[in-house]
Amino acid sequence: MITFDFKEPSGILHCNLTGRMGADVCLKLGPEIQNHIAARKSEAKDPIKVVFNLQEVDFIASGFIRICIETIKSINRENFSIVNTNPLIKRTFKIAGLDETLNVS
Amino acid sequence: MDFNEMANEFMDRAAMAAGIFNQLNQQETDFIVEQVYKAGLNNRISLAKMAAEETKLGRWQDKVIKNVTGSLAVYDDIRQMKTVGVIKDDVAAGITEIAQPLGPIFAIIPMTNPTSTTLFKILICLKTRNPIIISSHRRAMTCVRKAAEICYEAALKAGAPDDCIQVITDHSRDLTHAIMSHHKLALILATGGTGLVSAAYSSGNPTIGVGPGNVPVYIDKSADIAFAIQQIIKSKTFDNGTICASEQSIIIEEAIAEDIKKEMIRHKCYLLSEYEMKKVEKIAVVAGTLSMNPEIVGQPVQEIARMAGITIPEDTCLLVGQPGGIGPEHPLSGEILAPVLALYICKNYNEAINMCIDLNYLGGIGHTAAIYANDEKRIMEYAEVMNAGRVVVNTPSSQGAVGGIYNTLNVSFTLGCGSGGKNITTENVSAQHLINIKRVTRRRPNIKWQNLSNEMLFDEAVDADTLYKEFHKNS
């Protein structure tokens, strides 16, 4: 599940994710996130920032990493971050060698 | 794209798979392994036919058995193994063992057992949540790729991460070396020729390799001779002798020589004359060396006879020569992965066992030795002097060494040969070798230390015996 929260003055799009980011979920989630980002980009004057909040996420599948990579391709890498990861998810990004690329904290 | 960039791509994908894999629990992992073994087993025949056709080695019917071993028998061997999370908890000792995956594994596949080794390596990697990158011998690329695709499809359906199985399609030496030495690689599982295994060891990454075999079989006077010959033939002719644990030389005492020869002839072995043996020797190895001629590996006995220019009865199953000695000037004393055997007839027991030692040390150190005997003392004497990871008793060595068919050894297509074969283990390599074990150690002070005072420790006059006694004092 995902909810979006766009903070107008800062131009930050918060994507609050909950539950298990399994392969099936990611198939639907990917286009949803991309559409949302595209819509915000078209509205905003300045480049937008995207933050994935994983506070309520306990598993990520390969598909979720794909979503993250697609997202940094659509905005600048420095404008993307992943926050509130639990230690198991943090370790997943670490082992995958993506914790720095995706600004995971 | 250059080789380093290609290697980076493979390794980045494997690293991502490793990250995702780390989250799976034992049940999820086991489900993936179960689905993959079934997919492999369901395709055992088509893969066997592909392997035989592409490599032009061995018999597809025997490759079916190999594929069953590489899927069903391997699965049966590892299915109850704990490979995720807490695998052992010793409350009294205060030590909890936690299994962790190693990370991406590079698997080298030989052309002698291509699809079966692929199935085996994929299963043990998945069981331990390690992504696998496969590189096959160039003469087995298509069948290996097909086997990997079948497994990958099943793994993905069962919830495995993307890219948990990758196959290298570019077989350049540069790419292989770039991957073998890549900083993101955790381990190389090197099953192949000596050159490739050495290259893997030189890569700087941990390697589990194998060594060459040169399996001597001692048939003792106490053995059931008819049974022994029947078993040896069954083993040596299996897949036209392509298994590295197959028998290379039979060593016997004079006293039973006639009985042995009679049994061999009864079982359709062809005893080569010296003239014929010389002709076979010429095509068996590269001239002046003990390196077997790759052209005869896994070939049918009739084809070998044709290549050697000799005529043999149509129903011959095995060629048997009697070399005059051991070493490069006697090519049949070395490893030949084809239905060709050497027979050594010795004056007595000691001479026979010494002959076995010489053969064992002639290129097969640490691999496998075999004995047929019904005298436990003889069996243990033989086992004591052989330098082998496995000494198989009254068992066809091809199938016996692989495990799970005639004994309870781990089922494996990667047979460790210990330090003699320049390997880290003498075991049949399996899933237990593909995990890091983290030990959580609780405080359990060793009270013996309380017996040693600082005064004693820092007094040069207090000697080792006194300290030892004090350390173990029960007061």
Side-chain angles (χ1 to χ4, degrees), chain A residues 1-2 15 17-31 33-34 52-74 77 80-105, chain B residues 7-29 31-32 35 84-86 98-105 125-126 128-133 152-166 179 182-187 435-436 438:
Chain A
M1 196 192 146
I2 186 166
C15 307
L17 296 138
T18 44
R20 191 178 164 87
M21 298 295 115
D24 293 350
V25 172
C26 291
L27 278 178
K28 292 176 195 157
L29 205 60
I33 291 174
Q34 289 310 313
F52 284 2
N53 181 355
L54 301 194
Q55 187 155 22
E56 303 294 327
V57 172
D58 54 11
F59 175 85
I60 60 166
S62 306
F64 187 75
I65 291 186
R66 259 201 311 274
I67 291 173
C68 297
I69 291 170
E70 280 166 16
T71 305
I72 59 167
K73 278 181 187 166
S74 65
R77 188 183 134 191
F80 177 76
S81 60
I82 296 174
V83 298
N84 293 326
T85 53
N86 78 33
L88 292 177
I89 302 292
K90 165 84 176 172
R91 183 181 63 170
T92 299
F93 283 111
K94 195 85 180 164
I95 294 169
L98 291 169
D99 56 320
E100 286 181 17
T101 308
L102 300 175
N103 299 315
V104 179
S105 59
Chain B
N8 285 339
E9 275 207 5
F10 273 108
M11 293 313 307
D12 286 348
R13 285 198 291 264
M16 283 186 223
I20 303 296
F21 234 149
N22 236 278
Q23 301 169 95
L24 302 191
N25 62 30
Q26 187 74 66
Q27 200 181 358
E28 291 162 333
T29 304
F31 180 68
I32 293 166
Q35 296 307 304
V84 180
V86 175
I98 300 174
Q100 303 178 104
L102 300 182
I105 289 176
C125 284
L126 295 180
T128 46
R129 301 180 296 164
N130 292 308
I132 179 171
I133 301 166
Y152 185 47
E153 197 180 318
L156 284 185
K157 274 189 195 159
D162 291 359
D163 300 313
C164 61
I165 302 169
Q166 297 184 78
I179 289 180
H182 202 280
H183 67 281
K184 287 187 180 174
L185 190 71
L187 180 84
I435 48 174
N436 283 326
K438 175 166 50 187

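Each chain gets a letter, A, B and so on, in the order the sequences are listed, and its residues count up from 1. The figures that follow rest on heavy atoms only: side chains count, while hydrogens, waters and symmetry mates do not. These numbers come from a predicted model, not from an experiment.
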Quiz prompt | Partner residues of I69(A) under the side chain to side chain contact (heavy atoms under 4.5 Å, CB included) criterion, sequence neighbours left out | solution = I65(A), K73(A), M16(B)
Self-check item: Contacts of A7(B) that satisfy side chain to side chain contact (heavy atoms under 4.5 Å, CB included) - sequence neighbours left out
Solution: L175(B), A178(B), I179(B), H182(B)
Quiz item: Counting a contact as any heavy-atom pair under 4.5 Å apart, which residues of residues 95-102 of chain A contact chain B?
Solution: I95(A), A96(A), L98(A)
Exercise. State, to 0.1 Å, how close D162(B) and A17(B) come at their nearest heavy-atom pair, and which atoms those are.
Key: O-CB, 3.3 Å
Quiz item: How far apart are the closest heavy atoms of F31(B) and A158(B), and which atoms are they?
Solution: CD2-O, 3.6 Å
Quiz item: For K157(B), what residues pass the salt bridge (Lys or Arg N to Asp or Glu O under 4.0 Å) criterion, not counting sequence neighbours?
Solution: E153(B)
Quiz item: Between F52(A) and F80(A), is the ring centre distance below 6.0 Å?
Solution: yes
